[in-house]
Amino acid sequence: MKADEDVRMIAAEAPVVFARACEMFILELTHRGWAHAEENKRRTLQKSDIAAAIARTEVFDFLVDIVPRDEAKDAEAAAAVAAGIPHPAAGLPATDPMAYYYVQPQ
């Protein structure tokens, strides 16, 4: 923020608010990635779990171009679409159990 020449002063609360927003963002992304890992019966969070969480969640659409996906999985997904099998995100129920939520700190 201070690196920008147009910014003269920053309120003392601004870095604290940004830090908290980053913490909440990382927590949400991690929770969704962990849910994907558990679906695959794994207890280790992998890059593919984070990529799947990003692909499944509309809120994270801005990250789709940034986070690389496996080429093999892309080929499988393209083959599934051609065969008429819907994308996993398209089959999610209207009430997504991992809908966006805010966890109040204790």
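Predicted model, so just to flag it, every value in this text is computed and none were measured.
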request  = Show your reasoning for whether ring pair (Phe, Tyr, Trp, His ring centres under 6.0 Å) applies to F60 and F25.
outcome  = CA-CA 10 Å; F60 298 137; F25 171 75; 5.7 Å; yes
W34 and R43, any side-chain heavy atoms less than 4.5 Å apart = yes
message = Just verifying a value: how many Å separate T30 OG1 and L45 CG, rounded to the nearest 0.5 Å?
response = 6.5 Å
Euclidean distance, D49 CG relative to E38 CD, rounded to 0.5 Å = 10.0 Å
request  = State plainly whether one hydrophobic cluster holds both M9 and F18, where clusters connect Ile, Leu, Val, Met, Phe, Trp and Tyr through side-chain heavy atoms under 4.5 angstrom apart.
outcome  = no
task = Evaluate the side-chain proximity of H31 to L27: yes if any heavy-atom separation is below 4.5 Å, no if none is.
result = yes
query = Is there a side-chain contact between I26 and L29, using heavy atoms and a 4.5 Å cut-off?
reply = no
request  = Please round to the nearest 0.5 Å and tell me the distance separating atom CG of N40 and atom OG1 of T44.
outcome  = 12.0 Å
inquiry  = How close do E28 and R32 get, counting heavy atoms only, and between which atoms?
reply    = OE2-NE, 2.7 Å
key: Residues E39, R56: salt bridge by 4.0 Å N-O rule   = yes
query = Out of curiosity, does V67 fall in the hydrophobic cluster containing F62 (side-chain heavy atoms, cut-off under 4.5 Å, transitive links)?
reply = yes
ask   = Rounded to the nearest 0.5 Å, what separation is found between the CD1 atom of I54 and the NE2 atom of H36?
value = 12.0 Å
request  = Provide the closest heavy-atom pair for A53 versus G33 in the form atom of the first, atom of the second, distance.
outcome  = CB-N, 3.7 Å
